[in-house]
Amino acid sequence: RPRGRAAAMAAALKRCLVRRRDGREQHGVAASCLRELRDKASGILAIDKAREPITLVLAEDGTIVDDEDYFLCLPANTKFVALAKNEKWSSKSLDSGTAWLSESVDEVDSAAEKWKQLARQLKDDLSNIILMSEEDLQVLIDVPRSDLAEELAQSQPKIQVLQDTLQQVLDRREEERQSRQLLELYLEALKNEDSILSKVAESETVPRKEMDVVDTGTSSTGTSAKTALSDQILAALKEKPAPELCLDSQDLELVSKEDTQALASALRWDKQKAEALQQACDQELSKRLQQVQTLHSLRSTSKGKKTLPWGDWLSSKRKK
């Protein structure tokens, strides 16, 4: 029974975010009532006793929150501004806190919104797993099982199977990346061996000059290149091994359709390497779309059902 009461008290706690009027640092506070939130906010924000009692207002528009019932109606993770005695909320005071609202708070909101958006994609069609990026897969894996179960309206055991499947897809892409890296190392070793043998028979001066010309030409055009790809996509293409495995399908399509010369200049690669990357992205995109079409075909022929049951789809996915 004591455990039951403790669980009930924990369930009644509301998660809130508090900060000072001109502050940018936010603090997470859990409180069961408005009075408890005021007390905790005063302590966490180190507000002098002489400047109490504090007034809590909504960071969004300055609405004063002084009614317990209204506080209980507010959603979790509501943002509050704590005003000490004689302090008043003003829209001008948001100037110094704009970055807090647009960066720190938005990061909390965007992170929560992102996994919910991804979860809705799975709710509409589980085959969207195939089209997701590695980052999206990891986001869903990291979501607490209970939260994901509530969002998808599924039992926690099924969510556990789903997250295991997501992890398997992620692991499979990593294994494929490592295999490609080993193959590239092997091909590079063969190339280096051929290069050493050719240098024995040829003069080294001419090849070096030609390489210098190629290098300077590439670097000079790199600064003037224009591409429609975002910095995030370019960073993934440049830094990650087998980048086509970590991008989602929309990004793969963008890379495939990008002008090869512009892509090569933006990445400071030669055109041949950029073409190879685009071909790899196009092949990965085609493979994913083919997998999705196969699943849709299976659905349409499986006893006239519109969608496969969660358990059947996931179990078949795990067998693969």
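Side-chain atoms are counted along with the backbone in the values below, which use heavy atoms only and exclude waters and symmetry mates.
- For D259, the side-chain contact (heavy atoms from CB on, under 4.5 Å) criterion is met by Q261, A262, not counting sequence neighbours.
- For the side chain to side chain donor-acceptor pair (under 3.5 Å) criterion with Q178, the lone passing option out of E176, Q181, E175, E174 is E174.
- In this structure, S146 and Q156 have side chains that are in contact, with non-hydrogen atoms separated by less than 4.5 Å.
- Side-chain atoms of N128 come within 3.5 Å of backbone N or O of D125 as a donor-acceptor pair.
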inquiry  = The test is side-chain contact (heavy atoms from CB on, under 4.5 Å); show your working for V81 and L58 and say whether it passes.
reply    = CA-CA 6 Å; V81 175; L58 296 181; over 6 Å; no

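- The two residues F80 and T78 have their closest heavy-atom pair at CD1-O, 3.6 Å.
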message = If you apply the rule side-chain contact (heavy atoms from CB on, under 4.5 Å), what do you find for V57 with T63, and how did you get there?
response = CA-CA 5 Å; V57 301; T63 300; over 6 Å; no

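- Two residues are said to be in side-chain contact when any heavy atoms from C-beta on lie closer than 4.5 Å; P243 and L277 meet this criterion.
- Looking only at side-chain heavy atoms (C-beta outward), I159 and V143 stay at 4.5 Å or farther from each other.
- With no hydrogens or angles considered, a side-chain donor-acceptor pair links D136 and S133 at under 3.5 Å.
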inquiry  = What verdict does the salt bridge (charged side-chain N to carboxylate O under 4.0 Å, His left out) test give for R20 and E87, after you've listed the backbone C-alpha separation in whole Å, the side-chain angles of each residue and the deciding distance to 0.1 Å?
reply    = CA-CA 10 Å; R20 292 300 303 273; E87 284 185 348; 3.1 Å; yes

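- By the side chain to side chain donor-acceptor pair (under 3.5 Å) test, R120 is found to be paired with E113, residues two or more places apart in sequence or in another chain being considered.
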inquiry  = Applying side-chain hydrogen bond (donor to acceptor under 3.5 Å, both in side chains) to R145 and Q160, what does each step give before you reach the verdict?
reply    = CA-CA 7 Å; R145 196 185 313 165; Q160 180 63 55; 2.5 Å; yes

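- Side-chain contact between L131 and D248 is absent, with no heavy-atom pair separated by less than 4.5 Å.
- Checked by atom type and distance alone, the side chain of R21 pairs as donor or acceptor with a backbone atom of K88 at under 3.5 Å.
- Remark: the backbone N or O of Q163 is not paired with any side-chain donor or acceptor of Q167 at under 3.5 angstrom.
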request  = Under the side-chain hydrogen bond (donor to acceptor under 3.5 Å, both in side chains) rule, what do Q168 and D164 come out as? Steps first, then yes or no, please.
outcome  = CA-CA 6 Å; Q168 289 173 9; D164 289 344; over 6 Å; no

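- Panel note: side chain E68, backbone L34; a donor-acceptor pair is recorded below 3.5 Å.
- Within a 6.0 Å sphere centred on CD of Q290, heavy atoms belonging to other residues, nucleotides or ligands number 12 at most.
- No side-chain heavy atom of L83 sits less than 4.5 Å from a side-chain heavy atom of I54.
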task = May I have the step-by-step check of salt bridge (charged side-chain N to carboxylate O under 4.0 Å, His left out) for K116 and E150, ending in yes or no?
result = CA-CA 11 Å; K116 288 184 179 180; E150 181 180 355; over 6 Å; no

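- When the shell of 6.0 Å around CG of L72 is examined, it contains more than 12 heavy atoms from other residues, nucleotides or ligands.
- Expressed to the nearest 0.5 Å, how far CG of L289 lies from CD of E284 amounts to 10.0 Å.
- Within the model, atoms CG of L140 and CG of L170 stand 11.0 Å from one another, a figure rounded to the nearest 0.5 Å.
- In this structure K257 satisfies the side-chain contact (heavy atoms from CB on, under 4.5 Å) test together with E253, sequence neighbours excluded.
- The 12-atom threshold is exceeded at CD of Q138, counting heavy atoms of other residues, nucleotides or ligands nearer than 6.0 Å.
- Applying the side chain to side chain donor-acceptor pair (under 3.5 Å) test between T260 and each of Q278, E275, K271 identifies Q278 as the sole match.
- Looking at R177, its side chain never comes within 3.5 Å of a backbone N or O of S179 through a donor-acceptor pair.
- Using a 4.5 Å cut-off on side-chain heavy atoms (C-beta onward), K238 and L234 make no contact.
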